[in-house]
Colleague: 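What follows is a single structure, and I will ask about it in a moment.
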Amino acid sequence: MTPSIAKVIFALLALGWYVIRFPYERRSRRTPVVRNARGPREIALLLVSLTGLGILPFVYIATGFPRFAGYSFRPAQAWLGLVVAIAALVMFRLTHKALGRNWSVSLEVRESHTLISDGVYRYLRHPMYTAFWLWAIAQALLLPNWFAGCAGLVGFGILFFGRVAKEEALMLESFGEDYRKYMSRTCRVIPWIY
Ligand code: SAH
């Protein structure tokens with residue numbers, strides 16, 4: 001593994017990430033929204049996350065910016081990054097498959113929204129966010145630059161901690177006692193821990 005190969009792997013897997021998401025994005029446009037918690041704050045959080053996970057690593061890949069934050073490449077670290085990135089993609093695919101028409105990029109409840117609590121949702125109530133955390137860790141491992149590598153953890157971390165309680169409040173409003181019970185038997189993103 002070389003730094004250039006690590007960058008190419010990162011870019012190709014990021015493309016895979018988008019390929020998994022695209023059909024759900026298209027379908028979600030056709031499914032009407034009945035309850036919406038998307039405000040200016042939520043849009044700002046999405047932009048911060050997009051910057052950390054998307055814009056900054058790709059500026060780094062294309063230009064090497066910011067060079068002062070670079071450190072020496074370690075092949076073993078990049079191999080680990082590849083394994084974590086593949087785990088993230090597998091998890092990302094499984095969560096999209098399980099959520100189906102209920103998926104939204106933001107906080108929304110759609111027409112005939114159902115509460116999903118099986119498949120990967122049996123043990124975790126935010127497994128898609130687990131996939132994003134894994135992806136952000138993979139970014140940090142694959143890109144040997146403190147700024148561009150860690151930008152995903154910071155960007156997604158801000159979205160996650162700014163959103164997760166609001167999402168659960170929206171689910172409680174929509175599914176009441178069912179979601180309360182579901183919460184009591186699941187963790188948020190790390191099985192048995194958190
Ligand atoms: N937080 C979840 C889903 C992310 S997609 C995860 O990490 O896997 C965000 C949308 O999913 C929200 O708009 C919400 O309406 C919906 N959602 C979240 N949990 C859900 C569940 N258990 N069943 C159905 N829809 C859910």
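Just so you know, these numbers use all the heavy atoms, side chains as well, and skip hydrogens, waters and symmetry mates. One-based numbering, in listed order, for ligands and for the atoms of each.
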Colleague: Is a salt bridge present between Glu108 and Arg38, judged by a nitrogen-to-oxygen distance below 4.0 Å?
Modeller: yes

Colleague: Considering the options Thr186, Leu99, Leu115, which one meets the side chain to side chain contact (heavy atoms under 4.5 Å, CB included) requirement together with Tyr121?
Modeller: Leu99

Colleague: Just list the N/O pairs, ligand 1 to protein, that are under 3.5 Å apart, with the distance for each.
Modeller:
residue, atom, partner, partner atom, Å
ligand 1, 1 (N), His126, ND1, 2.8
ligand 1, 1 (N), Glu167, OE2, 2.5
ligand 1, 7 (O), His126, O, 3.3
ligand 1, 7 (O), Met128, N, 3.2
ligand 1, 7 (O), Tyr129, N, 3.0
ligand 1, 8 (O), Tyr121, OH, 2.6
ligand 1, 8 (O), Pro127, N, 3.4
ligand 1, 8 (O), Met128, N, 2.9
ligand 1, 13 (O), Ser106, O, 2.8
ligand 1, 13 (O), Glu108, N, 2.9
ligand 1, 13 (O), Glu108, O, 3.0
ligand 1, 15 (O), Glu108, O, 2.6
ligand 1, 22 (N), Ile116, O, 3.0
ligand 1, 23 (N), Ile116, N, 2.9
ligand 1, 25 (N), His113, NE2, 2.9

Colleague: Show me the donor-acceptor pairs within less than 3.5 Å that the side chains of residues 46-62 make with the rest of the protein, sequence neighbours left out.
Modeller:
residue, atom, partner, partner atom, Å
Thr51, OG1, Leu47, O, 2.7

Colleague: Please determine which of Arg163, Arg180, Arg188 meets the side chain to side chain donor-acceptor pair (under 3.5 Å) test together with Glu168.
Modeller: Arg188

Colleague: Would you say that more than 12 heavy atoms from the other residues, nucleotides or ligands in this model lie under 6.0 Å from the CZ of Arg67, or not?
Modeller: no

Colleague: Can you confirm whether or not the ring centre of Trp135 sits under 6.0 Å from the ring centre of Phe92?
Modeller: no

